Amino acid sequence: MSPALIVSSKLKLKGRLDMTPVEGGVPQEIIDLILDFTDKKALKACSCVARSFRYTSQKHLFSDIRLKPSSRFWLKSDLFIERFLKILTRSPHLALHVRALTLVEGTGIGSPVWMRTEQFASILVMFANLTKLSIESQLWLNWRSFPPALVTALHGTMALPTLTSVRLRHLRFEQSSELISLLQCSRNLEFLGLSQVYVRGIDNENAGILDSPLGLSSLELDPFLRPLIHSVTGAVDLQRLRFLRTTISSTELEAEAQRLLDSTVHLEHYHVHLSHHQTGTSTITLRDLRLLRTLEITVFFEFATSPDWCNPVAWAARVLSSVPSPSRIQHVILNVHVDERELRYLSRLADLEPVLTAPALAALRRVTVRLDALDVDFSISGGEREVGEALPALCRLGLLEIVLLGLT
């Protein structure tokens with residue numbers, strides 16, 4: 001039983017459901033402190049115990065909301081919206097507790113189209129204290145399919161002075177100006193994540209240039225295409241970036257990634273995600289990233305299905321070799337996605353050790369290898385031994401850290 005339920009049980013025995021101003025009662029600050037460390041299941045019970053429990057319980061219960069209706073086609077989306085709207089209409093203060101809001105639509109074939117309704121627009125404007133907004137889907141969402149009322153509501157949400165983080169996933173914009181007009185509403189963004197965001201064309205060469213570009217500290221482009229890059233580079237002050245992630249799905253986009261890197265000045269953490277098989281060369285160079293402290297590289301070991309010339313380890317080695325000398329990099333992270341057939345190929349990581357122990361990386365304090373399973377039906381626990389044997393020098397120096405993900 002959680003501490004909050006223990007307190008509430010004792011109160012029930014004493015017949016005291018409201019502890020404020022009662023002599024000998026628990027101070028409100030103590031109640032709030034207990035509720036701060038209580039799980040959501042207990043918070044639901046605590047919110048019904050007493051008025052002194054209700055506010056803090058509801059604040060935690062509604063701080064992070066994920067709206068994702070059932071994908072079963074026989075459940076009408078309008079019922080989902082009506083029920084949620086009824087809750088907020090009866091208790092409008094609940095919407096003010098919401099800090100992080102995630103909207104998910106198009107979760108599968110036959111799933112209801114719930115977000116693109118006039119009714120939802122009236123709900124969205126109620127969240128006046130948002131700090132994080134995420135709009136995502138497993139299917140493509142076309143921006144032009146949003147009704148005008150929803151577009152207006154989204155622009156208003158982006159303009160909230162409290163909003164500092166936005167993530168868009170699987171959205172399609174016909175013209176770059178549509179994305180730019182959405183981004184330029186927000187002036188206080190610190191994080192922007194664009195995952196599978198497609199911009200079909202650039203309708204105006206100056207459409208992506210803002211008078212005052214967004215002063216982001218973190219930017220994720222996963223993956224990205226040229227029209228999207230044009231939109232982002234004109235809307236973001238790249239010189240203020242501290243964190244950048246780019247997923248590279250073709251050799252042509254390596255040059256685009258390099259242009260982004262060349263525009264950064266204070267970058268401290270760069271995450272490059274290799275997502276193509278043309279690994280013979282790499283045009284990415286880190287020589288000008290003098291302030292870089294953390295370098296993260298994600299690769300896939302798919303040798304059973306990849307061409308014979310595919311060698312993601314060699315590609316990663318070339319990127320590592322391009323760091324300035326001496327480098328300030330203290331942490332290198334290698335995210336390796338592997339399936340059961342490819343565990344034996346982890347021995348190829350040995351090709352990275354000469355680079356990781358070179359004088360250019362003398363400031364290195366830790367190398368983290370994260371193993372994740374492409375197939376969830378097997379355990380990758382055996383990969384820990386393979387990695388350790390491939391990087392013995394790092395083990396002896398006490399630099400190697402192995403993290404196993406995707407365990408079954």
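If you're wondering where the values come from, they're calculated on a predicted model, not measured in any experiment.
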Enquirer: Once rounded to the nearest 0.5 Å, what's the spacing between atom OG1 of Thr294 and atom CD of Gln330?
Expert: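 Separation between the atoms: 7.5 Å.
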Enquirer: Let me know which of His271, His269, His266 forms a ring-ring contact (aromatic ring centres under 6.0 Å, His included) with Phe243.
Expert: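 With Phe243 as partner, His271, His269, His266 yield a single ring-ring contact (aromatic ring centres under 6.0 Å, His included), made by His269.
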Enquirer: Apply the test side-chain hydrogen bond (donor to acceptor under 3.5 Å, both in side chains) to residues His331 and Glu296: give CA-CA distance (whole Å), side-chain angles for both, the deciding distance (0.1 Å), then the verdict.
Expert: CA-CA 8 Å; His331 190 191; Glu296 189 169 354; over 6 Å; no
Enquirer: Going by heavy atoms in the side chains, are His155 and Thr152 under 4.5 Å from each other?
Expert: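 Sidechains of Thr152 and His155: no contact.
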Enquirer: Could you verify whether a donor N or O on one side chain and an acceptor N or O on the other, from Asp222 and Gln196, lie under 3.5 Å apart?
Expert: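 No.
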Enquirer: Name all residues meeting the ring-ring contact (aromatic ring centres under 6.0 Å, His included) criterion together with His170; count only those two or more places apart in sequence or in a different chain, and write none if there are none.
Expert: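 His170: ring-ring contact (aromatic ring centres under 6.0 Å, His included) contacts with Trp140.
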Enquirer: Can you see whether Gln175 engages Ser177 through a side-chain donor-acceptor pair at a distance of less than 3.5 angstrom?
Expert: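 Note: Gln175 and Ser177 side chains miss the donor-acceptor criterion.
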Enquirer: So, does Glu220 use its side chain to make a donor-acceptor pair with the main chain of Ser195 at under 3.5 Å?
Expert: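 Not a single qualifying donor-acceptor pair exists.
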Enquirer: What's the separation between atom OG in Ser327 and atom CG in Leu289, rounded to the nearest 0.5 Å?
Expert: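 One finds 9.0 Å between OG of Ser327 and CG of Leu289.
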Enquirer: I'd like to check the ring-ring contact (aromatic ring centres under 6.0 Å, His included) partners of Phe173; sequence neighbours left out, ordered by chain and number.
Expert: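 So Phe173 forms a ring-ring contact (aromatic ring centres under 6.0 Å, His included) with Trp143.
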Enquirer: For a 4.5 angstrom cut-off between non-hydrogen side-chain atoms, does Leu274 reach Val272?
Expert: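 No; the side chains remain at least 4.5 Å from each other.
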Enquirer: Is there a donor-acceptor contact under 3.5 Å from the side chain of Arg187 to the main chain of Cys185?
Expert: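 Checked: no pair found.
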Enquirer: Assess whether side-chain contact (heavy atoms from CB on, under 4.5 Å) is satisfied between Leu295 and Leu320, documenting all intermediate values.
Expert: CA-CA 8 Å; Leu295 175 61; Leu320 280 165; 3.5 Å; yes
Enquirer: Closer than 4.0 angstrom, basic N to acidic O: yes or no for Glu174 and Arg200?
Expert: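 Answer for the salt bridge query: yes.
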Enquirer: Under 3.5 Å, side chain of Asp237 to main-chain N/O of Gly215, donor-acceptor pair present?
Expert: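 Checking the backbone N and O of Gly215 against the side chain of Asp237, no donor-acceptor pair under 3.5 Å is found.
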Enquirer: Could you measure the distance from the NE2 atom of His273 to the OG atom of Ser249? Nearest 0.5 Å is fine.
Expert: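 Going from NE2 on His273 over to OG on Ser249, the span is 10.0 Å.
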Enquirer: Closer than 3.5 angstrom, by distance alone: can the side chain of Ser263 be matched with the main-chain N or O of Arg259 as a donor-acceptor pair?
Expert: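 Judged by distance alone, yes, a pair lies under 3.5 Å.
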Enquirer: Between the side chains of Asp64 and Arg99, is the shortest nitrogen-to-carboxylate-oxygen separation below 4.0 Å, so that they form an ion pair?
Expert: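 Salt bridge absent between Arg99 and Asp64.
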Enquirer: Please test Leu334 against Leu352 for side-chain contact (heavy atoms from CB on, under 4.5 Å), starting from the C-alpha separation and ending with a verdict.
Expert: CA-CA 10 Å; Leu334 299 173; Leu352 295 177; 3.5 Å; yes
Enquirer: Using every non-hydrogen atom in the two residues, find where Leu179 and Leu228 come nearest and quote the distance to one decimal.
Expert: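 For Leu179 versus Leu228, the nearest heavy atoms are CD2-CD1, 3.7 Å.
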Enquirer: For the CG atom of Leu238 and the CG atom of Leu267, what is their distance to the nearest 0.5 Å?
Expert: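 Taking CG in Leu238 and CG in Leu267, the distance rounds to 10.0 Å.
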Enquirer: What I'd like to find out is whether the side chain of Phe301 reaches to under 4.5 Å of the side chain of Leu371, using heavy atoms alone.
Expert: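 No, every pair of side-chain atoms sits at 4.5 Å or beyond.
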Enquirer: Please confirm whether the backbone N or O of Pro161 pairs with a side-chain atom of Asn188, one donor and one acceptor, at under 3.5 Å?
Expert: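 Confirmed, Asn188 side chain pairs with Pro161 backbone.
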Enquirer: Are the charged groups of Arg370 and Glu401 less than 4.0 angstrom apart, N to O?
Expert: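 Looking at Arg370 and Glu401, the cut-off is not met.
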Enquirer: Do Leu183 and Leu192 have side chains that get closer than 4.5 Å, going by heavy atoms?
Expert: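 Touching, per the 4.5 Å side-chain cut-off.
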Enquirer: For Thr281 versus Arg318, what's the shortest heavy-atom pair and its separation?
Expert: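 Heavy-atom minimum between the residues: N-NH2, 3.7 Å.
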Enquirer: Mind checking the CG-OG spacing from Leu391 to Ser347? Nearest 0.5 Å is all I need.
Expert: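 Rounded to the nearest 0.5 Å, the CG-OG separation comes out at 10.5 Å.
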Enquirer: Please name the pair of heavy atoms, one in Gly388 and one in Ile402, separated by the smallest distance, quoted to 0.1 Å.
Expert: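 Shortest heavy-atom contact: N-CD1, 4.1 Å.
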Enquirer: Considering non-hydrogen atoms only, spot the tightest contact between Ala393 and Glu353 and give its length.
Expert: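 For Ala393 and Glu353, the tightest heavy-atom pair comes out as N-OE2, 2.9 Å.
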Enquirer: Would you say Arg167's side chain and Ser165's backbone share a donor-acceptor pair under 3.5 angstrom?
Expert: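 No.
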Enquirer: Please tell me if the side chains of Ser250 and Leu253 come closer than 4.5 Å, counting only heavy atoms from C-beta onward.
Expert: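 A side-chain contact under 4.5 Å exists here.
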Enquirer: Any side-chain to backbone donor/acceptor pair from Glu254 onto Thr283? Under 3.5 Å, distance only.
Expert: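 A pair under 3.5 Å: yes.
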Enquirer: With distance as the sole test, does Ser186 use its side chain to make a donor-acceptor pair with the main-chain N or O of Met158 at under 3.5 Å?
Expert: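 Yes: the side chain of Ser186 pairs with the backbone of Met158.
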Enquirer: For the residue pair Thr285 and Ser322, what are the closest heavy atoms and their distance?
Expert: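 Smallest interatomic distance, heavy atoms only, reads CA-OG, 3.5 Å.
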Enquirer: Looking at CG of Leu260 and CG of Leu244, how far apart are the two atoms once the value is rounded to the nearest 0.5 Å?
Expert: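 Going from the CG atom of Leu260 to the CG atom of Leu244 covers 6.0 Å.
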Enquirer: Given Glu136 and Arg66, is the salt bridge (charged side-chain N to carboxylate O under 4.0 Å, His left out) satisfied, shown in steps?
Expert: CA-CA 11 Å; Glu136 60 184 67; Arg66 182 179 178 88; 3.4 Å; yes
Enquirer: Side-chain contact, heavy-atom cut-off 4.5 Å: Thr131 with Leu160?
Expert: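 No; the side chains remain at least 4.5 Å from each other.
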Enquirer: Applying side-chain contact (heavy atoms from CB on, under 4.5 Å), run through His97 and Ser63 and close with a yes or a no.
Expert: CA-CA 5 Å; His97 291 317; Ser63 64; 5.9 Å; no
Enquirer: Apply salt bridge (charged side-chain N to carboxylate O under 4.0 Å, His left out) to Glu178 and list each qualifying residue two or more places apart in sequence or on a separate chain.
Expert: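 Glu178 satisfies salt bridge (charged side-chain N to carboxylate O under 4.0 Å, His left out) with Arg144 only.
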Enquirer: Please answer whether the main-chain N or O of Asn311 pairs with a side-chain N or O of Thr279 as donor and acceptor at a distance below 3.5 Å.
Expert: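 Side chain of Thr279 to backbone of Asn311, a donor-acceptor pair under 3.5 Å: yes, one is there.
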Enquirer: Is any side-chain heavy atom of Thr298 closer than 4.5 Å to one of His337?
Expert: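 Yes. Closest side-chain heavy atoms under 4.5 Å.
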Enquirer: Indicate whether the side chain of Thr264 and that of Tyr270 have a donor and an acceptor atom separated by less than 3.5 Å.
Expert: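 Side chains of Thr264 and Tyr270: no pair found under 3.5 Å.
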Enquirer: I'd like to check Ile123 versus Leu88 (side-chain heavy atoms, cut-off strictly below 4.5 Å). Are they in contact?
Expert: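 They are in side-chain contact.
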Enquirer: Would you please test Val338 and Phe300 for side-chain contact (heavy atoms from CB on, under 4.5 Å) and show each step?
Expert: CA-CA 6 Å; Val338 65; Phe300 287 82; over 6 Å; no
Enquirer: Which atoms form the tightest heavy-atom contact between Thr162 and Asn129, and what is the distance?
Expert: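 Between these two residues, the closest heavy atoms are OG1-C, 3.5 Å.
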Enquirer: Has the side chain of Ser137 got a donor or acceptor atom that lies under 3.5 Å from a matching backbone atom of Glu105?
Expert: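 Such a contact is found between Ser137 side chain and Glu105 backbone.
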